[in-house]
Amino acid sequence: MGKNWIQKRIAFLFSALMIASLCMVPASAEEDTEAAPDTGVTINVYNWGEYISNGVDGTLDVNAEFTKRTGIHVNYTTFDTNESLYSKLSGGGAEYDVIIPSDYMVSKLIGEDMLEKLDFDKIPNFKYIDDQFRNPAYDPENAYSVPYTWGVIGIFYNKNYVDASETTSWKVLWDPKYKGKILMFDNPRDSFGIAQKILGQSYNTTDANDWQAAANLLKQQKPLVQAYVMDQIFDKMDGGEAWLAPYYAGDAATLVENNPNIGFTIPTDEPTNSFVDAACIPKGSSHKEEAEAYINFLCDPEIAAANVSYIGYSTPESAAKALLPEETVENPIYYPPKEIMDKAEVYVNLPENTNMLLDTLWAEVKMGGSGESTTLMAVLAAFLLLYIGIVIHKRRKRKRELQ
């Protein structure tokens, strides 16, 4: 899900993941064949940043290989949160043919009739998707989405200052002794999700009292938080500026391997989030058939294996997993043990009234509480009145000058 910090990633993924049987790219994944005739068609693909293998230092360039094999060009752009993706789509200011939102956002887009139903006759490689990832709660009939990658959330910690035994619970992110050294997700679902699990709630509760209780807990944490960030977590943790940060396991492996001072734990005292990012086609796509060809290409096991080897996330295909190096498959960061996965919970889309409450509460958390929100509104109102007064004064002065 969020995917920057490419310099550190390259060194690890080439040495630890690409040297083995996958080494660079599987031979059949990049066959020396003539390029397909140019179709003159370009599809617009919208994905998370640094979330596809792009050909750096000999790795597979997924988009270039797709164009070579099909003659279909790819205009590839990126987003940083599910919410920014939704804003772009709902605003109608851009046209995309393939998007890769997370599970709960897929559910939201389905509910608002913003996705095309897929023609699975055009996506025969869907047969490689494991049963456990089919007909998920966010797309029960598996009509609108195809899993791209999956993962869980855990905690980065600096071994020089934080003991691993403290990171088995999300509560360490509320420990006053780490004040000013704690980072937190800059998105509401993930931040609230951590608070919810400390409180024993479901991520998907619709009880307003539950959400208020989670917000109160996040407000208690705020004075301890250095910053609310997303991909900036990597630089801050790597440089020692921060000592604790929750983030996605797929990204964590790289930082852990490259910095001996950094550890990563998936908490066991409380459950974690298990997420899936899935490929979809937005409603009104101009090139639906070509978009389905692209999704089908991503599901080719050799393409999928080369892709996840670079981006660091887990594959929903056993056939692709079989092509990965043994150290990757056995790494509990990439593929957590059953006891963690059995307790993990996924996000699903929330009712509109719950989403509105979440947005309000998140704004209060970021501003320090409803009292500060009221104060801010009062200050803005005062400035507006002052501005209106200045304008009226200038107009009256001009009238006097003209008389």
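The structure presented is a predicted model; accordingly, all values stated were derived computationally and were not measured.
- Salt-bridge formation is not detected for the pair Asp119/Lys288: no Lys NZ or Arg NE/NH1/NH2 atom is positioned less than 4.0 Å from an Asp or Glu carboxylate oxygen.
- Under the 3.5 Å distance criterion, with hydrogens and angles disregarded, a donor-acceptor pair is assigned to the side chains of Thr205 and Asp210.
- A salt bridge between Glu270 and Lys343 is absent, with no side-chain N of the basic residue lying under 4.0 Å from a carboxylate O of the acidic one.
- Proximity of Ile303 to Phe297: side-chain heavy atoms (C-beta onward) are separated by under 4.5 Å at one or more points.
- When only modelled atom types and interatomic distance are considered, Ser84 and Ser87 share no side-chain donor-acceptor pair under 3.5 Å.
- Residues Ser191 and Met184 share a closest heavy-atom pair of OG-CG, 3.6 Å.
- A salt bridge does not link Glu34 with Arg69: every distance from a Lys NZ or Arg NE/NH1/NH2 to an Asp or Glu carboxylate oxygen is 4.0 Å or more.
- Cation-pi geometry between Lys197 and Phe192 is not satisfied (NZ or CZ under 6.0 Å from the ring centre, within 45° of the ring normal).
- Between the side chains of Asn261 and Asn158, no donor-acceptor pair of N or O atoms lies under 3.5 Å.
- Considering Ile99, Ile295, Val146, Ile43 as possible partners of Ile281, the one that fulfils the side-chain contact (heavy atoms from CB on, under 4.5 Å) test is Ile295.
- One side chain, Lys236 or Gln226, offers a donor N or O that lies under 3.5 Å from an acceptor on the other.
- Ring planes of Tyr313 and Tyr51: perpendicular class, angle over 60° (limits at 30 and 60°).
- Taking both residues in full, the closest heavy atoms of Asp139 and Ala143 are given as OD1-N, 3.2 Å, listed atom of the first, atom of the second, then distance.
- Looking only at atom types and distance, the side chain of Asn216 has a donor-acceptor partner in the side chain of Gln212 under 3.5 Å away.
- In this pair, Trp243 and Tyr178 present their aromatic rings perpendicular. The plane angle is above 60°, beyond the 30 to 60° band.
- The side-chain hydrogen bond (donor to acceptor under 3.5 Å, both in side chains) with Asn75 is formed by just one residue from the set Asp97, Asn63, Thr42, Asn44; it is Asn44.
- One finds no salt bridge joining Glu317 and Lys321 here, because no Lys/Arg side-chain nitrogen approaches an Asp/Glu carboxylate oxygen to under 4.0 Å.
- Atom CD1 of Ile198 sits about 7.0 Å away from atom CG of Leu173, to the nearest 0.5 Å.
- Contact record, Pro246 with Leu183: CD-O, 3.1 Å, taken as the closest heavy-atom pair.
- A donor-acceptor contact closer than 3.5 angstrom is absent between the side chains of Ser202 and Gln196.
- Checked against the 6.0 Å centroid criterion, the rings of Tyr247 and Phe234 qualify as a close aromatic pair.
- Counting only N and O atoms by type, the side chains of Ser102 and Asn82 include a donor and acceptor under 3.5 Å apart.
- Remark: the Asn187 side chain and the Thr81 side chain contain no N/O donor-acceptor pair separated by less than 3.5 Å.
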